[in-house]
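If you read the sequence from its start, that first residue is 1, and numbering goes on from there. Computed from a prediction, not measured in an experiment: that's the story for all the values here.
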Amino acid sequence: MLNTLQHSVVHRLPASYRRCSGPVGVTVEPQAANVLNSDDDLIGLRLLSHNGDSAWEIMQNIKLALADMQLECSVLELEGEPCLFVHRQDECTTTCRLKNFGVGIAETFAGERRD
């Protein structure tokens, strides 16, 4: 599993999410900004380094790595891509675990844009 996670890169999705049940099973939907910090508040991670079937495989391996620490998470499709969803309160633990396995965490740079 370690070899499949090295050289993988994820980034945090900008919205907060919550689980909901639909006709096709469990899905997620974005939450309004004023509903943050509720019990079902989730953050999403999208894989930047892989596409297609390999992205699904990597996300399942990430889920297994987090399960070793008893972190509840789900891999669900969002906009046609696999995304990992964890509870907001587990974000720091998740990030640490992923870094220990060699997964890169892409961050947004704040600052001025120069043309």
**Prompt:** Yes or no on salt bridge (Lys or Arg N to Asp or Glu O under 4.0 Å) for Arg12 and Glu107, after CA distance, side-chain angles and deciding distance?
**Reply:** CA-CA 8 Å; Arg12 187 181 184 282; Glu107 305 214 11; over 6 Å; no
**Complete:** Heavy atoms of Cys20 and Val28 approach each other most closely as SG-C, 4.3 Å
**Prompt:** Can you find a pair of side-chain heavy atoms, one from Asp90 and one from His87, that are under 4.5 Å apart?
**Reply:** yes
**Message:** Please find the pair of heavy atoms, one from Phe85 and one from Leu42, that lie closest to each other, and give the distance.
**Reply:** CB-CD1, 4.2 Å
**Message:** If I compare all heavy atoms of Ala65 with all of Phe101, which pair ends up nearest, and what's the gap?
**Reply:** CB-CE1, 3.8 Å
**Asked** How far apart are the closest heavy atoms of Gly44 and Tyr17, and which atoms are they?
**Response** N-CD1, 4.4 Å
**Message:** Give me the atom names and distance for the closest heavy-atom approach of Arg46 to Leu78.
**Reply:** NH2-O, 3.4 Å
**Request:** Could you walk me through whether Ser74 and Arg19 pass the side chain to side chain donor-acceptor pair (under 3.5 Å) test, one step at a time?
**Result:** CA-CA 10 Å; Ser74 301; Arg19 276 189 183 87; 2.8 Å; yes
**Request:** Report the C-alpha distance between His50 and Leu47 in whole Å, list the side-chain angles of each, state the deciding distance to 0.1 Å, and finish with yes or no for side-chain contact (heavy atoms from CB on, under 4.5 Å).
**Result:** CA-CA 6 Å; His50 297 82; Leu47 197 59; 3.8 Å; yes
**Request:** Check for a donor-acceptor pair, side chain of Thr95 on one end and backbone N or O of Glu91 on the other, with a separation under 3.5 Å.
**Result:** yes
**Heavy-atom side-chain contact between Thr93 and Leu71 under 4.5 Å** = yes
**Rounded distance (nearest 0.5 Å) linking atom CD of Glu57 with atom CD1 of Ile62** = 11.0 Å
**Item:** Distance in Å, Ile105 CD1 paired with Lys99 NZ, rounded so as to fall on 0.5 Å steps
**Value:** 6.0 Å
**Asked** Could you state the interatomic distance from CE (Met69) to CG (Asn100), rounded to the nearest 0.5 Å?
**Response** 8.0 Å
**Item:** side-chain contact (heavy atoms from CB on, under 4.5 Å) partner of Cys83, the single match among Leu13, Val10, Leu45
**Value:** Leu13
**Message:** Can you tell me how far apart CD (Glu77) and CE (Met59) are? Round to the nearest 0.5 Å.
**Reply:** 12.0 Å
**Request:** Check the pair Val86, Leu84 against side-chain contact (heavy atoms from CB on, under 4.5 Å), reporting the backbone distance first and the verdict last.
**Result:** CA-CA 7 Å; Val86 298; Leu84 180 82; 4.2 Å; yes
**Request:** Specify the closest pair of heavy atoms between Thr27 and Leu76, including all atoms of both residues, with the distance to one decimal.
**Result:** C-CD1, 4.3 Å
